[in-house]
Amino acid sequence: MSTPESFNERVYEVVKRIPRGLVATYGQVAALAGNHRNARFVGYALHVNPEPGMIPCHRVVFRDGSLAPGFAFGGPEEQRVLLEGEGVAFTPPVKCQKNAGAEGWLVDLSRCQWQD
DNA sequence: AGATTGACAGACA
DNA sequence: CTGTCTGCCAATC
């Protein structure tokens, strides 16, 4: 009710609701915003980022737990520091991890994935 | 004003 | 198991 706002605004609301120390995936945010298919729209919403500093895009990660390489505010390395500073559990760069979004550093979704 | 892209994710072959 | 394709909405060219 009284929320005819586009998914875009919906995404901002969800992302801003992510508690400190936890992270959410694009799919989860998109799911809370309406449909998990909007995952690509979630990234777009954060891309416009009409309210910088207000939307913790660093708390939004891929389904694999990796981040957006090159699109983070200052680099995936900075993101790891921020999340780690918030108390988010990270997995060390495993050699067998071909998923090296943030230099092999993946967020431990098993522990820190945000759940409403 | 129309076509294409876009920080993804899931389903299918 | 890997690779490819589609689906969704809005913004941009």
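Numbered from 1 within each chain, the chains take letters A, B, ... in sequence-line order.
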To the nearest angstrom, how far is [X] atom [atom1] from [N] atom [atom2]?
{"X": "I55(A)", "N": "dA7(B)", "atom1": "CD1", "atom2": "P", "answer": "17 Å"}
{"X": "N35(A)", "N": "dT6(C)", "atom1": "CG", "atom2": "C1'", "answer": "15 Å"}
{"X": "N38(A)", "N": "dC8(B)", "atom1": "CG", "atom2": "C1'", "answer": "10 Å"}
{"X": "F71(A)", "N": "dT5(B)", "atom1": "CZ", "atom2": "C1'", "answer": "12 Å"}
{"X": "L46(A)", "N": "dA10(C)", "atom1": "CG", "atom2": "C1'", "answer": "14 Å"}
{"X": "N8(A)", "N": "dC9(C)", "atom1": "CG", "atom2": "P", "answer": "13 Å"}
{"X": "H47(A)", "N": "dT12(C)", "atom1": "NE2", "atom2": "P", "answer": "8 Å"}
{"X": "Y26(A)", "N": "dG10(B)", "atom1": "OH", "atom2": "C1'", "answer": "17 Å"}

- Item | Contact nearer the 5' end of DNA chain B, comparing F62(A) with Y44(A) | Y44(A)
- Query: Are L67(A) and Y26(A) co-members of a hydrophobic cluster defined by side-chain heavy atoms under 4.5 Å apart?
  - Reply: no
- Task: May I ask whether V14(A) and L109(A) are part of the same hydrophobic cluster, defined by side-chain heavy atoms of I, L, V, M, F, W, Y residues being less than 4.5 angstrom apart, directly or through others?
- Result: no
- Query: Under 3.5 Å, is there a donor-acceptor pair between the side chain of N35(A) and the main chain of R37(A)?
  - Reply: no
- Query: Quick one: does Q79(A)'s side chain have a donor or acceptor within less than 3.5 Å of a partner on H58(A)'s backbone?
  - Reply: yes
- Item | Short side-chain N/O contact from R63(A) to OP1 or OP2 of dG10(B), under 4.0 Å | yes
- Message: Taking side-chain contact (heavy atoms from CB on, under 4.5 Å) as the criterion, tell me which of D64(A), V61(A), T25(A) meets it with V107(A).
- Response: V61(A)
- Task: Can you tell me, in whole Å, how much space there is between the P of dC9(C) and that of dA1(B)?
- Result: 22 Å
- Task: Classify the nucleic acid contact of F41(A) as base, sugar-phosphate or nothing, counting any heavy atom under 4.0 Å across all strands shown.
- Result: base
- Closest to the T25(A) side chain: dA9(B), dA7(B), dC8(C)? dA9(B)
- Message: By the rule that syn is within 90° of 0, classify the base conformation of dA7(B) as syn or anti.
- Response: syn
- Query: Is there a Watson-Crick or G-U wobble partner for dA11(C) with both distances under 3.5 Å, and if so, which one is it?
  - Reply: dT4(B)
- Query: Across all strands, who's sitting opposite dC1(C) as a Watson-Crick or G-U wobble pair, both distances under 3.5 Å?
  - Reply: none
- Using only heavy-atom distances, decide whether a donor-acceptor pair under 3.5 angstrom links the side-chain of R37(A) to the base of dG10(B). no
